[in-house]
Amino acid sequence: MELLGRLVEKGLRREPPTRDEALAVLATSDDDVLDVVAAAGRVRRQWFGRRVKLNYLVNLKSGLCPEDCSYCSQRLGSTAGILKYTWLKPEEASQAAAAGVAGGAKRVCLVASGRGPTDRDVDRVSRTIETIKEQNEGVEVCACLGLLSAGQAEKLRGAGADAYNHNLNTSEATYGEITTTHTYADRVETVQQAQSAGLSACSGLIAGMGETDEDLVDVVFALRELDPDSVPVNFLIPFEGTPLAKEWNLTPQRCLRILAMVRFVCPDVEVRLAGGREVHLRTLQPLALHLANSIFLGDYLTSEGQAGRADLDMIADAGFEVEGAGTTTLPAHRTGGAPGEGPGCGSHPAAGGTAGSVCGPAAEAGCGSGAGCGHATGPGCGSTATTETSRATGAAGGGPRPDLVTVRRRGAGTEVAPNA
């Protein structure tokens, strides 16, 4: 297919596709899905080899969020039967993190529901970060606490945080249909604050909320322009008790096309296979490893994932390897490690600068919230009307699988051993 050959060539040069080319990837047929995976897989291997980075979620504070994000089981008005608890103590959080690290996780993601942290909350999380760092040598820590106020990103950085997650989730045009208690611009500002403080930015999307192909392409190009180092791709987990409980619009093939499109648009960025992979990719999860170079190990924030041992077996059986703690995840040109080489396509400038791209016109360039940390959290972590096309797409995969949505009853906030 001429389109795929062209996109591979661009990806190997760190050059973005055009918007029409990105849309064309999403429009490919199920018959061509293996060709799409193979093409995007070449780009993935160019920049990340066969390494898979493991990340582990610790939900520091679960439920009772005042925000109204339609996708979220912790939202205001949610009747989902999730765990609800207040802040874990630093030692409790460190013990939970240690389980993930023992399972091979290189990064621990600390998430708390809510609109955003108070300064007291930031102090509390800072102590937790320090405890985790002291007890788990070499581990990366990402915080996901919602909308940040002035100076908070700097405090987290000073405590040892390596990254901050805040997702854009969906396109700016449809964001107001998903959430009304904060804006798309609020999310962008928080990502930029994290970048300015020297934190590695982590920002992604949620697919399957009834959005159009155009919405998906819009949010991924917006992410490219914002230029986070990692882009989590979540697939909606339709929790009963939330407004999007009936939104079953994804098939395994559709998920693979979305991941491939993200890889082509952000070729040299850590693309993370995040919440909902077990529910929607199901037996095709191993194919997604040819597109994403990062996954969450074990459970998510309020839902259970497949067994951590099964994740490790899947990686090995598919011919991939777990990325070691001593390996730098991002390519050298994104970390300043390649002599004589300037910033890559979408590489962000020094803290406080303006993100951009050197690989194409502004209209097509650039590589920005909590759902990225496993989804199903508040803004610490929007929906358009479902089209007939997406309804048909969902039906083609055998129909909804609500039996695969399992509320988390183990790990952080419980007395049951975590899944790692």
Q. Is it true that a side-chain atom of Tyr164 and a backbone atom of Leu145 form a donor plus acceptor pair closer than 3.5 Å?
A. yes

Q) Which residues pass the side chain to side chain contact (heavy atoms under 4.5 Å, CB included) test with Asp68, sequence neighbours left out? A) Arg75, Thr179, Thr180, Thr181

Q: Using a strict 4.0 Å threshold on nitrogen-to-oxygen distance, state whether Glu278 and Arg282 make a salt bridge.
A: no

Q. Out of Leu273, Ile206, Leu205, Leu291, which residue meets the side chain to side chain contact (heavy atoms under 4.5 Å, CB included) rule with Val233?
A. Leu205

Q) Is a donor on one side and an acceptor on the other found under 3.5 Å between the side chain of Ser113 and the backbone of Lys61? A) yes

Q: Kindly write out the residues that satisfy salt bridge (Lys or Arg N to Asp or Glu O under 4.0 Å) with Asp213, not counting sequence neighbours, or none if the list is empty.
A: Arg254

Q: For the pair Ser230 (side chain) and Glu270 (backbone), establish whether a donor and an acceptor sit closer than 3.5 Å, ignoring hydrogens and angles.
A: no

Q. Are the charged groups of Lys10 and Glu21 less than 4.0 angstrom apart, N to O?
A. yes

Q | Nearest atoms (heavy-atom pairs only) where Ala39 meets Val8 | A | O-CG2, 3.4 Å

Q. Residues in side chain to side chain contact (heavy atoms under 4.5 Å, CB included) with Ala22, at least two apart?
A. Val217, Phe221, Met261, Val265

Q.
For Glu134, is there any backbone N or O sitting under 3.5 Å from a side-chain donor or acceptor partner on Glu137?
A. no

(Q) Could you measure the distance from the CG atom of Leu216 to the CG atom of Leu23? Nearest 0.5 Å is fine. (A) 9.5 Å

Q) With a 4.5 Å limit on heavy-atom distance, are the side chains of Leu110 and Thr128 in contact? A) yes

Q.
Side chains of Leu60 and Val111, heavy atoms from C-beta outward: is any pair under 4.5 Å?
A. no

Q) Is it true that a side-chain atom of Asp317 and a backbone atom of Met314 form a donor plus acceptor pair closer than 3.5 Å? A) no

Q: Could you name each residue pair satisfying salt bridge (Lys or Arg N to Asp or Glu O under 4.0 Å) that touches residues 286-303, not counting sequence neighbours?
A: Asp299-Arg410

Q: Would you confirm whether Arg44, through its side chain, and Gly49, through its main-chain N or O, come within 3.5 Å as a donor-acceptor pair?
A: yes

Taking only distance into account, with no hydrogens and no angle test, what donor-acceptor pairs under 3.5 Å do side-chain atoms of residues 148-156 form with protein atoms, sequence neighbours excluded?
unit_1: Gln152; atom_1: OE1; unit_2: Ser149; atom_2: N; d: 2.8
unit_1: Gln152; atom_1: NE2; unit_2: Pro117; atom_2: O; d: 2.9
unit_1: Gln152; atom_1: NE2; unit_2: Asp119; atom_2: OD1; d: 3.1

Q: Kindly say whether Gly298 contributes a backbone atom to a donor-acceptor pair with the side chain of Asp311 at under 3.5 angstrom?
A: yes

Q: Would you check if the side chain of Arg277 reaches a backbone N or O of Leu281 as a donor-acceptor pair within less than 3.5 Å?
A: no

Q.
Check the orientation of His280 and Trp248. Use parallel for under 30°, tilted for 30 to 60°, and perpendicular for over 60°.
A. tilted

(Q) Do Leu250 and Val279 make a side-chain contact, defined as non-hydrogen atoms from C-beta onward lying under 4.5 Å apart? (A) no

(Q) Check this for me: does any side-chain nitrogen of one of Asp162 and Lys106 sit under 4.0 Å from a carboxylate oxygen of the other? (A) no

**Q.** Ser70 side-chain N/O to Pro243 backbone N/O, donor-acceptor pair under 3.5 Å
**A.** no

Q) Residues in side-chain hydrogen bond (donor to acceptor under 3.5 Å, both in side chains) with Thr183, at least two apart? A) Asp186

Q.
side-chain contact (heavy atoms from CB on, under 4.5 Å) for Val43 and Phe264? Distances and angles first, verdict last.
A. CA-CA 7 Å; Val43 178; Phe264 285 131; 4.1 Å; yes

Q.
Going by the rule side chain to side chain contact (heavy atoms under 4.5 Å, CB included), which residues pair with Ala310 if we only count those two or more places apart in sequence or in a different chain?
A. Gln306, Ala307

Q) Could you give the distance from CD (Glu214) to OG1 (Thr174), rounded to the nearest 0.5 Å? A) 11.0 Å

Q | Asp35: side-chain hydrogen bond (donor to acceptor under 3.5 Å, both in side chains) partners, not counting sequence neighbours | A | none

Q: Would you please name every residue forming a side-chain hydrogen bond (donor to acceptor under 3.5 Å, both in side chains) with Asn293, sequence neighbours left out?
A: Arg263

Q. Does Glu304 come within less than 4.0 Å of Arg408, counting only side-chain N to carboxylate O?
A. no

Q) Are Arg272 and Phe296 in a cation-pi contact, defined as NZ or CZ under 6.0 Å from the six-membered ring centre and within 45° of the axis? A) yes

Q) Got more than 12 heavy atoms from elsewhere within 6.0 Å of CZ, Arg6? A) yes

Q. How many angstroms lie between CG in Leu4 and OG1 in Thr28, if you round to the nearest 0.5 Å?
A. 7.5 Å

Q: Report the residues that fulfil side-chain hydrogen bond (donor to acceptor under 3.5 Å, both in side chains) with Glu140, sequence neighbours left out, ordered by chain and then residue number.
A: Lys53, Arg107

Q: Hey, could you give me each pair passing salt bridge (Lys or Arg N to Asp or Glu O under 4.0 Å) that has a residue in residues 233-242? Not counting sequence neighbours.
A: Glu240-Lys246

(Q) Can a donor-acceptor pair be found, under 3.5 Å and without considering hydrogens, that links the side chain of Glu211 to the backbone of Met209? (A) yes

Q: Just jot down the side chain to side chain contact (heavy atoms under 4.5 Å, CB included) partners of Ala80, sequence neighbours excluded, or say none.
A: Ser73, Ser78, Ile82, Phe239

